[in-house]
Amino acid sequence: MIFNFPNPNRKIWRDAITSFGILFLLIVFLFWSTFSGMVSIWARSETFTHGFLVFPIVVWLIWRKRNLIFSKIPKPNYLFLIPIVFVSLVWLLGDLVSINSVTQLAATALLVLLVLTVFGWSVASVILFPLAFLFFSVPLGEFLLPILMEWTAKFTVVAIRLSGIPVYQEGLQFVISSGNWSVVEACSGVRYLISSVMIGTLYAYLNYQSLNRRLVFIGVSIVVPVLANWMRAYLIVMLGHFSGNTLAVGFDHLIYGWLFFGVVIMLMFLIGSRWTESTSVDESKFELEKFHDNFSSKYFAVTVFLVAVAVSVPVGWGYFILKKNNLKIPHLIAPNNFNSGWKQTNGNLVSLKPNFHGSFANASGNYEKNSQFVGLYAAYYRNQDYHNKLVNSENSIFSSKNKDWLSVGAGNYVLKKMVDPISVRVMNWKGMDVSDQKNNIRLQTWQFYWVNGIFTDSDYKAKIYGAIQRLVGKGDDSAIVVLYANDDGDNSAKKSMEEFLQDNYSEIKNMLEMTRGE
C-alpha cells in the first residue's frame with residue numbers, strides 16, 4: 001500500500017484528507033489570481049525561477065515523514081481559525097492596494113494554516129519545516145536590490161583602492177584609469193542570495209539535528225553569498241583592468257560570476273558536511289496515538305464550513321469594494337500662475353517627465369519667481385490595480401534603463417516651517433548625455449504622495465493609507481507630486497523648492513482635492 005494507515009485510524013484519516021482537499025481547492029479557487037500571479041513571476045523572472053521547485057520539494061519532505069504522520073490522529077484545531085481570519089483580512093488589504101508581496105504571503109500562509117486547522121497540532125508539528133519551506137515560493141527579495149547594489153559598490157571601490165589603483169566614485173558609478181564601471185541590478189547579488197538561502201536552509205534541515213547547527217548554517221548561507229558577490233565584483237573589475245578591457249566586460253562577466261558563485265557554494269556545503277548529523281528515524285519507536293471515542297467525524301464537516309466562511313467573506317467583501325469604481329475620468333490641470341507670484345516659464349530648466357505609469361491624468365509646468373526656477377509634475381491615479389498603481393517598483397523619476405541620468409545621492413527632508421510639516425524624498429542626479437543641456441548638469445528632485453488628502457513620502461504609508469481609505473469606501477484617488485530644480489552645488493535647488501512648496505502648498509492641495517471631487 002502507498003499509505004500505511006494504522007487500521008484504527010483509517011476512517012478518521014480519510015475524513016481529514018477529504019476535508020483538507022475540499023478546502024485546499026476552495027482556497028486555490030478563491031485566490032487564483034494571487035497564485036497564478038506567483039507562477040507568472042516564476043516564469044518570467046530568473047531571480048525567482050526556483051519557485052517551480054518549492055512545491056515538489058515540500059511534497060517530498062512530507063512524504064519522507066509519512067509513517068510518522070500516519071501514526072498520529074488528525075483532529076481539527078479551531079484556534080487556528082483566528083489567524084485564518086486575520087490573514088484573510090491582510091490579503092484583502094493587500095489586494096485593495098495591489099501589493100503582490102502581501103497577497104502572496106497571505107495566500108501561502110492560508111495553506112499552512114489550513115494544515116494546522118484541519119489536521120491539528122499533533123500532525124502538523126511533524127511537518128513544520130516543510131510547511132515553512134513553502135514560503136520560499138513567494139517571490140520576495142527585490143526590495144534588497146538598492147541596498148545590495150550600494151554595498152557592492154562600496155566594497156569594490158575600497159578593495160580597488162587597497163589594490164593601489166586610484167578610483168573616483170559617484171553613486172554606483174566609479175572610474176579607474178582603464179575605464180568606467182557601474183554597479184547595476186545584475187551586480188547586486190540578490191539572485192545568489194535568494195538561491196543560497198533556499199538551498200542552505202534545505203541542506204541544514206536534511207543534514208543536521210541540532211537547532212543551533214541548523215541556524216548557524218542558515219546564517220552562513222546568508223553571509224557567504226553577499227561576501228562572494230563582493231569578491232566577484234572586485235575580481236571582474238580587476239580582470240577587465242589588467243586585460244585591457246578584453247575580459248569580463250561583456251556577457252562573459254556574468255558567466256564568470258555564476259562559476260565563481262557555484263564554486264563558493266560547493267565549498268560551503270563541503271565544509272558544512274564535516275559536522276553532518278544523522279537524521280534517520282527509527283520507525284519502530286513510533287507510538288500509535290489512541291483514538292478517542294468522544295471524537296466524531298462531524299468535526300471535520302464543521303471545520304470545512306467555518307474555514308470556508310472565514311476565507312470567502314473577505315474575498316467577497318473585496319470584490320464588492322473593487323466593483324465600486326469611480327468611472328469619471330479626472331482632469332488634472334497645473335495653474336498657469338500661482339497666486340504667490342510664481343509664474344509659468346518655458347526656459348532655464350531641463351525637460352523632465354518622470355517615469356510614472358498607469359496614471360489617469362498628469363500635469364506639469366515650470367515656474368519662476370525672483371530668478372528662482374522650479375518644475376512641477378503631478379500624476380493622478382484612480383481605480384488602481386496590479387498593472388496601474390501609484391506605488392510601483394517600476395515608477396521612478398527616471399527609468400532604470402535611462403542612460404542620460406545617474407543617481408548620485410538620495411535622502412529625505414522635512415519642511416518644518418510649514419503649517420502642516422511635510423516630508424519629501426530627495427534625489428540628486430547627474431546628467432550624463434542630456435541632449436538639450438550641458439553634460440555636467442545637476443538636478444535635484446523632491447517627491448511625495450497625496451492619498452485622499454494625506455501627504456507622505458513613504459511608500460509603505462501610502463499603501464496603508466490607500467488600503468484604509470478604500471476599505472471604508474472613500475475610493476483610491478491618489479497622486480504623486482514631483483518638484484525639481486537645477487542644482488548648482490550651492491544649495492540653491494533646495495532653497496528654491498522649499499520656498500515654492502511653502503508658497504504654493506495650499507494651491508497644490510486644492511488642485512488635487514478639486515480633481516478628486518470631479
Side-chain angles (χ1 to χ4, degrees), residues 1-28 35 50-80 83-84 107-138 198-211 213-214 217-218 276-293 295-301 303-304 307:
M1 292 181 63
I2 296 177
F3 299 110
N4 187 21
F5 292 110
N7 287 329
N9 299 344
R10 288 192 179 188
K11 184 179 185 303
I12 197 75
W13 265 106
R14 183 188 63 198
D15 293 339
I17 292 175
T18 301
S19 300
F20 177 80
I22 293 171
L23 290 173
F24 178 85
L25 292 176
L26 176 65
I27 289 177
V28 171
F35 290 119
H50 65 271
F52 285 107
L53 300 175
V54 173
F55 190 73
I57 290 174
V58 169
V59 172
W60 173 70
L61 290 174
I62 293 175
W63 178 258
R64 293 174 70 246
K65 298 276 189 178
R66 63 190 182 281
N67 290 330
L68 177 56
I69 293 171
F70 293 135
S71 71
K72 309 290 184 180
I73 295 180
K75 184 176 182 180
N77 190 328
Y78 297 135
L79 287 178
F80 289 104
I84 282 180
T108 304
L110 284 176
L111 295 179
V112 174
L113 290 170
L114 180 61
V115 175
L116 291 161
T117 305
V118 174
F119 296 105
W121 179 254
S122 178
V123 174
S125 62
V126 178
I127 53 173
L128 282 181
F129 178 83
L131 294 177
F133 193 82
L134 196 60
F135 285 99
F136 278 111
S137 65
V138 181
M198 174 179 160
I199 298 171
T201 302
L202 181 61
Y203 182 91
Y205 172 73
L206 294 175
N207 289 276
Y208 303 122
Q209 287 279 17
S210 165
L211 177 62
R213 292 191 184 188
R214 286 175 172 174
F217 192 85
I218 292 172
T276 297
E277 298 172 309
S278 174
T279 56
S280 60
V281 180
D282 186 357
E283 297 186 3
S284 64
K285 296 182 179 179
F286 294 168
E287 293 185 7
L288 181 64
E289 287 189 356
K290 295 181 179 179
F291 180 78
H292 298 283
D293 295 334
F295 182 77
S296 172
S297 295
K298 69 181 180 180
Y299 289 121
F300 288 112
T303 303
V304 171
V307 173

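The analysis underlying the following values was restricted to heavy atoms, covering all of them including side chains, and did not include hydrogens, waters or symmetry mates.
Between the side chain of W13 and the backbone N or O of K72, at least one donor-acceptor pair lies under 3.5 Å. Under a 3.5 Å cut-off, the side chain of R213 and the backbone N or O of S210 do not form any donor-acceptor pair.
A search for side-chain hydrogen bond (donor to acceptor under 3.5 Å, both in side chains) contacts involving D15 returns K11, S297, not counting sequence neighbours. Residues satisfying the side-chain contact (heavy atoms from CB on, under 4.5 Å) test with I199, not counting sequence neighbours, are F269. Not counting sequence neighbours, the partners of P83 by the side-chain contact (heavy atoms from CB on, under 4.5 Å) test are F80, L113. Shown here are the side-chain contact (heavy atoms from CB on, under 4.5 Å) partners of A204, two or more places apart in sequence or in another chain: Y208, R214, F217, I218. In terms of the ring-ring contact (aromatic ring centres under 6.0 Å, His included) criterion, residue partners of F133 (sequence neighbours excluded) are, by chain and number, F129, F136. Residues satisfying the side-chain contact (heavy atoms from CB on, under 4.5 Å) criterion with L128, sequence neighbours excluded, are W121.
Note that the CD1 atom of I22 and the OG1 atom of T303 stand 11.5 Å from one another [nearest 0.5 Å]. Rounded to the nearest 0.5 Å, atoms CD1 (I84) and CG (L110) are 6.5 Å apart. With values rounded to the nearest 0.5 angstrom, F20 atom CZ is found 9.5 Å from L25 atom CG.
Under the side-chain contact (heavy atoms from CB on, under 4.5 Å) rule, F300 has a single partner from I12, L23, I17, which is I12.
Around CZ of F55, the count of heavy atoms belonging to other residues, nucleotides or ligands within 6.0 Å does not exceed 12.
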